[in-house]
There are 2 protein chains.
Amino acid sequence: MSAPKTDSQQQILALLKQLNREISAQELYVELRRRSQSLGLATIYRALKALKLEGTIQTRTLSNGESFYSLAEAEQHYLTCLNCGKSILLENCPICQESAASREQEHFKIYYHILDFFGLCPSCQHQIHVES
Amino acid sequence: MSAPKTDSQQQILALLKQLNREISAQELYVELRRRSQSLGLATIYRALKALKLEGTIQTRTLSNGESFYSLAEAEQHYLTCLNCGKSILLENCPICQESAASREQEHFKIYYHILDFFGLCPSCQHQIHVES
DNA sequence: AATCATTTTGATAACGATTATCATTATTTT
DNA sequence: AAAATAATGATAATCGTTATCAAAATGATT
């Protein structure tokens with residue numbers, strides 16, 4: 001869960017903590033640059049990958065292939081529109097009450113939901129240990 | 001939920017029913033061709049989009065941007081490895097028992113899970129009605 | 001300090017799934 | 001049958017992400 005972090009990783013982590021919302025890699029690139037902490041895109045993607053494999057941050061990938069990153073602390077429940085792709089963050093939504101979500105957003109027409117557990121499979125846990 | 005379907009849509013739907021597993025668009029292209037029911041890739045993507053907007057099929061997008069499609073009937077619960085990207089389908093997993101998932105796959109190291117509701121937001125519901 | 005080894009970085013090329021384009025073909029309507 | 005509409009498919013374009021590789025930074029060793 002914890003590992004020695006590069007400066008880039010720390011910068012990104014600090015920004016994620018401050019923002020307290022999910023953000024894409026491209027947005028991170030712009031935002032860091034705006035704060036005179038410019039990082040190359042490649043570095044950003046690398047840092048995000050490392051933080052993800054540690055379990056420090058979590059990822060959500062939209063159907064257009066764009067990924068959003070946030071701290072792995074808070075649970076996330078979204079209502080996502082299949083057409084425009086926009087997501088509404090559901091506040092205080094106890095996991096597993098899909099009916100609650102329906103009620104909460106009366107006019108949102110829910111087709112289905114997906115619950116996805118993320119982590120490391122046995123062989124990849126081993127592989128990562130060997131690599132480092 | 002139901003709408004007039006093109007031949008392409010019906011072909012794809014029939015194949016999804018037969019396979020009873022999630023499959024990517026590219027795989028669909030190969031599989032249909034193997035069955036002498038060749039469809040162009042563009043047509044496949046168009047049909048999938050239409051079926052998705054009807055709520056007939058559901059999509060799951062991996063972090064590499066590749067999307068998988070399946071009938072919207074069954075609930076899906078996965079264990080996905082952050083490193084290799086492979087997903088393990090969890091059978092008979094009552095939604096919202098993340099601890100159950102941990103137990104079920106002892107050696108899978110779970111970092112987090114994401115629950116995502118998919119459907120149409122109010123404005124897109126309206127927009128689609130106007131279009132057609 | 002100086003040299004060497006290792007790690008990190010960033011500009012850019014390459015990749016790949018998806019979407020847009022547009023002319024052609026099928027289908028429906030009049 | 002002619003005209004209008006919808007569907008199709010080959011291919012170009014898009015765009016987020018990953019790979020490449022040389023340069024810069026960091027750390028270790030003498």
Side-chain angles (χ1 to χ4, degrees), chain A residues 3-13 15 22-33 35-54 57-70 80-87 124 128 130-132, chain B residues 3-13 15 22-33 35-54 57-70 80-85 87 128 130-132:
Chain A
K5 294 182 179 48
T6 65
D7 291 345
S8 307
Q9 289 174 33
Q10 291 178 13
Q11 279 185 55
I12 289 174
L13 210 46
L15 185 49
E22 61 176 10
I23 187 174
S24 71
Q26 306 279 344
E27 283 179 281
L28 268 175
Y29 176 75
V30 174
E31 193 65 24
L32 285 171
R33 164 172 288 243
R35 300 175 183 223
S36 316
Q37 298 181 329
S38 289
L39 289 180
L41 256 179
T43 302
I44 290 177
Y45 279 107
R46 268 190 294 249
L48 288 171
K49 183 178 180 182
L51 293 170
K52 187 170 67 172
L53 287 180
E54 286 179 10
I57 64 173
Q58 67 188 58
T59 306
R60 193 171 66 101
T61 305
L62 305 189
S63 56
N64 66 5
E66 198 179 7
S67 291
F68 287 82
Y69 305 86
S70 60
T80 301
C81 181
L82 290 167
N83 190 237
C84 66
K86 283 187 193 150
S87 291
C124 283
I128 287 175
V130 173
E131 275 176 3
S132 60
Chain B
K5 294 183 179 46
T6 64
D7 291 346
S8 306
Q9 290 174 33
Q10 290 178 14
Q11 279 184 56
I12 289 175
L13 211 46
L15 184 48
E22 60 176 11
I23 187 174
S24 70
Q26 306 280 343
E27 283 179 280
L28 268 174
Y29 175 77
V30 174
E31 193 64 23
L32 285 171
R33 164 172 290 242
R35 299 174 183 224
S36 316
Q37 298 182 329
S38 289
L39 288 180
L41 256 178
T43 302
I44 290 178
Y45 279 108
R46 268 189 294 250
L48 288 172
K49 182 178 181 182
L51 293 170
K52 188 169 65 170
L53 287 180
E54 285 178 11
I57 65 174
Q58 66 188 58
T59 306
R60 193 171 66 100
T61 305
L62 305 188
S63 56
N64 65 5
E66 198 180 7
S67 291
F68 287 82
Y69 304 86
S70 60
T80 301
C81 180
L82 290 167
N83 190 236
C84 67
S87 291
I128 287 174
V130 172
E131 275 175 2
S132 58

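If you're wondering where the values come from, they're calculated on a predicted model, not measured in any experiment. Throughout, protein chains are lettered first and strands after them, A, B, ... in sequence-line order, and every chain is numbered starting at 1.
The shortest distance between the side-chain N/O atoms of A:Thr43 and the OP1/OP2 oxygens of C:dT8 is not below 4.0 Å. Side-chain nitrogen and oxygen atoms of B:Tyr45 include at least one within less than 4.0 Å of the OP1 or OP2 phosphate oxygen of C:dT18.
Annotation: salt bridge (Lys or Arg N to Asp or Glu O under 4.0 Å) contacts involving residues 58-68 of chain A, sequence neighbours excluded, comprise A:Glu22-A:Arg60, A:Arg60-B:Asp116.
Mapping B:Gln9 and A:Ser24 onto DNA chain D by nearest heavy atom places B:Gln9 at the nucleotide closer to the 5' end. Nearest-nucleotide positions on DNA chain D place B:Arg33 closer to the 5' end than the other of B:Arg33 and B:Ser63.
Note on B:Leu41: nothing from the nucleic acid sits closer than 4.0 angstrom, heavy atoms only. Counting non-hydrogen atoms under 4.0 angstrom, A:Thr6 reaches the backbone sugars and phosphates but no base.
The salt bridge (charged side-chain N to carboxylate O under 4.0 Å, His left out) search around A:Arg33 returns none, not counting sequence neighbours. Taking the salt bridge (charged side-chain N to carboxylate O under 4.0 Å, His left out) definition, one finds that B:Arg46 meets it with nothing, sequence neighbours left out.
Each end of the helix from C:dA1-D:dT30 to C:dT30-D:dA1 gets its own axis from five base pairs, and the two axes differ in direction by 20°, given to 10 degrees.
Between B:Ile57 and B:Leu13, the closest side-chain pair of non-hydrogen atoms falls below 4.5 Å. In this structure the side chain of A:Thr6 never reaches within 4.5 angstrom of the side chain of A:Thr43, judged on heavy atoms. Between B:Ile44 and B:Gln26, every side-chain heavy-atom pair lies at or beyond the 4.5 Å cut-off. Contact of the B:Gln11 side chain with the B:Arg35 side chain is not registered, since no non-hydrogen atoms from C-beta on lie closer than 4.5 Å.
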Can you tabulate the close N/O pairs, meaning under 3.5 Å, that link protein atoms to atoms of nucleotides 24-27 of chain D?
none

Between protein and nucleic acid, restricted to nucleotides 20-26 of chain C and to nitrogen or oxygen atoms under 3.5 Å apart, what atom pairs and distances do you find?
none

